[in-house]
Amino acid sequence: MFKNKFVQQRIEKVELLKKKGYNPYSNDSKRNTTISKYLKVNADVEHKENKRDEHRHYTVGGRIKLLRIMGKASFVNIEDESGTLQVYIARDNLPEGFYNNIFKKNIEVGDIVEITGYPFVTGKGELSLHASEFKLLTKSISPLPEKFHGITDKEIRYRKRYLDLIMNKEVRNTFKIRSRVISLTRHFFEEKGFLEVETPMMHPIAGGANAKPFVTHHNALGVDRYLRIAPELYLKRLIVGGFEAVFEINRNFRNEGMDATHNPEFTSIEFYWAYKTYKDLIEITKEYFQYLFEHLDLPTILPYGDMEVDFSDFKEIPLAESLTTIGGVPKDIINDREKIVAYLKEHDVDVNEKLNLGLLQGELFDEFVEEKLINPTFITEYPVELSPLARRSDENPELTERFELFIAGREIANAFSELNDPVDQLSRFEGQMDAKESGDDEAHEMDQDFVEALSYGMAPTAGQGIGIDRLVMLLTNEHSIRDVLLFPAMKPLSTEEITKD
RNA sequence: GUCUUGUUAGCUCAGCUGGUAGAGCACGUCACUUUUAAUGAUGUGGCCGAUGGUUCGAAUCCAUCACAGGACACCA
C-alpha cells in the first residue's frame, strides 16, 4: 500500500505541511454556498463597474480539477457536487508567504480546498472567484487520472466507482436519474394509495419466479435460507391479510449468468392491487410512464442506441397474434407442437422437443418477436404453462390474464391477474414439480404455506413487477446494466494483485 | 459455460514482419499576475497482467492461467 512513487511524493508533502503547523485534513469548513448557487447569485456582476463586486464575500469548497500556475498568480478550477468554478489566486491577496510556501509547493490537482473571496468576471468573460483566503481541507495523496481523457478503462471504472464519479460527470448524472426514478416510482404508488412494505430477503423456499437462488445458512435455526428471487408470494400473503394495495422496491438475487442485462442482484418494484385485473394494470402502467416522463422532463421520443422509442405509442397485442403478425410465423403451425419444432429446427434454433405447446410458443416468441418490439408493447394472453402464478382467462382456460411489457426489444415489466384459486394453485405447483423432475431445474418450488394462505381467500388481485435497472438503462440510453449500478458484481482480484495495488 | 478481443509509466495511448522501452497528461526544477486541456525550457518515472516454452535474443511468436470488454448460451 502507498508504494507508488507519486503517492510517496504526496505523503511527503503531507508531512511537510504538518511540520509547518498546517493541518492537511482540516475539519472546520466555513463553506457558506455551493458553486451553482454562487454562479447564479453573482450572474449580475458582469454588468457592474470593473466587472466585480468587492463587497460580496463567499466561501466555496470543492476538489481541484485543474490548476494553472502563472508565476505570481494562478487559476484553479474547483468542483463540488453542484458544478465547477474558476478561482483566481494572486500572491499579493493572500497572507505573506502563503502563496509561495504553501500553495505553489503543496497544493495539487485532487486536493479538496476551501476558498473565500469576491465575485468578478475575467477578461475572457468567465464569472470567477477572486481569492482572499485559501485553505486546504483534505490532501489527496493518490493522483487523479489524466485531466482530459479522464478514466475510460471499464474495469477500473466499475471497481473504483469513486474515481469514475470524480472524473465523469455523465456518470454522476446517470445515477442521479436512477435515484429520481426510484423516488418518483415510490411517490407515484403512494399517491395512488399503495402501501410500501418490506418482506423477507431470506426465504425458506425460493419462490415467485423461475431462477436459481443463492443459498446461505442460518446458524441459530440450523437451516438453509435462500436469498429471495422475487417477493411475489409474500406480497400476496399481505393481500390475503387485507391490505388492498401494496408495493415493495428492493433487490432480488439470482444465481445465474451475468451479461449486459443481468446482474446477480437487481432492483425491481412489485405491486399488488386488490379488486383489479391486468387490464387495470395496463392503464396504470401507461400512467406511470407518463408520470415519469413528465417529472424527469423527458421528450416522448427517446433514442436508444440506433433505435428511437416513441413512448406516446403503447400497443397491446396477444402473444399468439404477435407470433404471426410481428414474428412472421405461419398461422397454421402455432397450435401444433410438431410443426413448431420443425419450424424452429428449420431456423437453426436448438429446441427441446419435449416442451409442451405453451413453452414452444414461448420459444417462437423469444426467437422471432421479442427483439422487434421497439415501441412499448403489451404482449397479452400467455399460455398457462408459461405462467404458473397467473389466473386463467375465463374465455379460454389455456390462456392466462397476463401481459409483459416490451420496450426496445427487451422485457421491462411482467403482470397478471393473480391466481387465487388455491386448488388450481396447488395443481400448478405440482405441474412445476413434474417439470422439475423432467429436467427443468428452474421450475417453481412448491410452497404449501402459500397455498394455505390462498385457501383463506385472496380477493381478486392484479400484480406487476417492473425491472428498475432496465428501466433506468432505457431512460439514460445505457446499454450495460453495469452502467446503471453503482457497484456492479465483479470477480475479486487475486491477493497478489491486491497487495501490489 | 463457449467463442472473441484486450491487459505496456499514476492516467490516455503508440510500439509493424523478434534486435537496448516511446509520446501526451500528471509529477520534480526554472520562467511567467487574466489563464481555462494555460504556455516555454528541462528532468524523474517501467518485472510490457502472471507462469512456462521457442530463440543467440521475446513487450512482440506459442501454450497455460488471471482479470476485463464484446458476442453467444443460460436467464422473465
Side-chain angles (χ1 to χ4, degrees), chain A residues 3-10 12-13 51-52 65-77 84-93 99 104-105 108-110 120-126 128 130 140-160 163 166-167 208-212 229-230 232 252 254-264 266 268 349-350 362 365-366 370 379 382 386-387 389 402-406 410-416 441-442 465-467 470 479-480 482 488 490-498 500-501:
Chain A
K3 294 248 171 63
N4 179 283
K5 55 192 174 292
F6 297 106
V7 177
Q8 279 300 322
Q9 241 172 48
R10 285 174 171 233
E12 278 167 30
K13 289 184 183 186
K51 300 197 171 192
R52 63 190 58 214
K65 297 298 286 286
L66 290 171
L67 187 54
R68 298 180 288 285
I69 297 180
M70 304 165 303
K72 298 178 189 65
S74 301
F75 284 94
V76 180
N77 289 40
T84 318
L85 174 67
Q86 173 172 273
V87 178
Y88 178 71
I89 295 170
R91 185 190 66 184
D92 299 340
N93 295 314
Y99 183 83
K104 269 170 80 174
K105 291 223 165 72
E108 294 157 289
V109 170
F120 80 113
V121 174
T122 64
K124 296 276 162 66
E126 181 170 345
S128 308
H130 204 289
S140 161
I141 60 169
S142 283
L144 288 184
E146 210 249 1
K147 63 185 171 189
F148 186 59
H149 298 94
I151 191 163
T152 58
D153 185 307
K154 291 222 166 179
E155 184 171 356
I156 304 177
R157 289 185 45 214
Y158 297 147
R159 286 194 197 276
K160 304 185 179 178
L163 271 186
I166 290 171
M167 299 309 295
N210 312 346
K212 291 186 195 115
I229 55 174
E232 171 153 357
N252 295 316
R254 298 189 183 177
N255 204 345
E256 288 166 348
M258 293 160 61
D259 62 22
T261 55
H262 295 84
N263 193 68
F266 63 98
S268 70
V349 181
D350 269 339
F365 179 82
D366 291 347
E370 183 167 0
I379 296 291
Y382 278 69
L386 284 174
S387 321
L389 301 166
R402 172 183 180 189
F403 72 76
E404 289 193 338
L405 172 61
F406 290 87
R410 221 175 259 159
E411 186 202 334
I412 295 293
N414 178 26
F416 37 84
D441 58 356
E442 264 124 29
I466 301 172
R470 292 183 186 179
H479 294 257
S480 169
R482 294 179 207 102
M490 301 287 277
K491 271 205 190 181
L493 296 169
S494 71
T495 49
E496 188 188 330
E497 277 168 291
I498 291 166
K500 207 170 74 185
D501 205 38

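Naming: A, B, ... by sequence-line order, numbering from 1 per chain.
Using a distance-only test at 3.5 Å, with no hydrogens or angles considered, a donor-acceptor pair links the side chain of Y99(A) to the main chain of A73(A).
One atom, OH of Y158(A), and another, P of rG69(B), lie 6 Å apart when rounded to the nearest Å. Remark: C1' of rC11(B) and CZ of R10(A) are 12 Å apart, rounded to the nearest angstrom. Following rounding to the nearest Å, M167(A) (CE) and rC25(B) (C1') show an atom-to-atom distance of 11 Å. Atom CE in M258(A) sits roughly 12 Å away from atom P in rC67(B) (whole-Å rounding). With rounding to whole Å, M490(A) atom CE is found 16 Å from rA66(B) atom P. For the pair E370(A) CD and rA73(B) P, the interatomic distance rounds to 11 Å; values are reported in whole Å. Nucleotide rA73(B) holds its P atom 16 Å from the NZ atom of K212(A), rounded to whole Å. Computed from coordinates, the K105(A) NZ to rG28(B) P distance equals 11 Å when rounded to whole Å.
Applying the Watson-Crick and G-U wobble criteria (two distances, each under 3.5 Å), rA59(B) pairs with nothing in any strand. Taking a pair to require two hydrogen-bonding distances under 3.5 Å in either a Watson-Crick or a G-U wobble arrangement, rC47(B) remains unpaired. Across all strands shown, rA23(B) forms a Watson-Crick or G-U wobble pair with rU12(B), both key distances being under 3.5 Å. Using N1 to N3 plus N6-O4 or O6-N4 for Watson-Crick, or N1-O2 and O6-N3 for G-U wobble, each under 3.5 Å, rA68(B) pairs with rU5(B). Across all strands shown, rU54(B) remains unpaired; no Watson-Crick or G-U wobble contact has both distances below 3.5 Å. Figure legend. rC74(B) is base-paired to no nucleotide; pairs are counted as Watson-Crick or G-U wobble with both atom distances under 3.5 Å. Remark: rA37(B) base-pairs with no nucleotide; criterion is Watson-Crick or G-U wobble with both hydrogen-bond distances under 3.5 Å. Under the Watson-Crick and G-U wobble criteria, each requiring two contacts below 3.5 Å, nucleotide rC32(B) is left unpaired.
Residue contacts for R157(A): at a heavy-atom cut-off of 4.0 Å it reaches no nucleic acid atom on any strand shown. Residue R410(A) is classed as having no contact, given no heavy-atom separation below 4.0 Å to the nucleic acid.
For D366(A), the side chain to side chain contact (heavy atoms under 4.5 Å, CB included) test picks out E370(A), with sequence neighbours left out. Partners of R91(A) under the side-chain hydrogen bond (donor to acceptor under 3.5 Å, both in side chains) rule, at least two apart in sequence or in another chain, do not exist in this structure. Listed by chain and residue number, Y304(A) satisfy the ring pair (Phe, Tyr, Trp, His ring centres under 6.0 Å) test with H479(A) (two or more places apart in sequence, or in another chain). Qualifying salt bridge (Lys or Arg N to Asp or Glu O under 4.0 Å) partners for R254(A), counting only residues two or more places apart in sequence or in other chains: none. For R52(A), there are no salt bridge (Lys or Arg N to Asp or Glu O under 4.0 Å) partners, not counting sequence neighbours. For T122(A), the side-chain hydrogen bond (donor to acceptor under 3.5 Å, both in side chains) test picks out no residue, with sequence neighbours left out. By the salt bridge (Lys or Arg N to Asp or Glu O under 4.0 Å) test, R470(A) is found to be paired with no residue, residues two or more places apart in sequence or in another chain being considered. Here F75(A) pairs with Y88(A) under the ring pair (Phe, Tyr, Trp, His ring centres under 6.0 Å) rule; sequence neighbours left out. Scored by the salt bridge (Lys or Arg N to Asp or Glu O under 4.0 Å) test, K65(A) finds E79(A) as partners (sequence neighbours excluded).
A distance of about 11 Å separates the P atoms of rA21(B) and rA58(B), rounded to the whole Å. For the P atom pair drawn from rG18(B) and rA23(B), the interatomic distance equals 24 Å after rounding to whole Å. Nucleotides rC47(B) and rG10(B), compared at atom P, are 7 Å apart to the nearest Å. When the P atom is used for both rC11(B) and rA26(B), the distance is 15 Å, rounded to whole Å. For the P atoms, the distance linking rU20(B) with rA66(B) amounts to 34 Å, nearest Å. For rU36(B) and rC67(B), the C1' atoms lie 38 Å apart once the distance is rounded to whole Å. With C1' as the reference atom, rA38(B) and rC25(B) are 13 Å apart, rounded to whole Å. Taking the P atom of each, rU60(B) and rC48(B) are spaced 10 Å apart, rounded to whole Å.
No side-chain N or O of N77(A) forms a donor-acceptor pair with one of T84(A) less than 3.5 Å apart.
Side-chain contact between I412(A) and I466(A): present, with at least one pair of heavy atoms (C-beta onward) separated by less than 4.5 Å. For the pair M258(A)/P264(A), a side-chain contact is recorded, criterion being any heavy-atom separation below 4.5 Å from C-beta on.
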Would you list the protein and nucleotides 43-46 of chain B atom pairs, both N or O, that sit under 3.5 Å from each other?
unit_1, atom_1, unit_2, atom_2, d
rG45(B), O2', K5(A), NZ, 2.2

Close N or O pairs between protein and nucleotides 3-7 of chain B (under 3.5 Å):
none

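Closest to the side chain of E108(A), out of rA71(B), rC27(B), rC74(B), is rC27(B).
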Task: Protein proximity profile, nucleotides 32-42 of chain B - base contact B, sugar-phosphate-only contact S, no contact -, cut-off 4.0 Å on heavy atoms - done: BBBBBBB----
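Rounded to the nearest 0.5 Å, atoms CD (E155(A)) and NZ (K160(A)) are 10.0 Å apart.
Not a single donor-acceptor contact under 3.5 angstrom links the side-chain atoms of D259(A) to the base of rC72(B).
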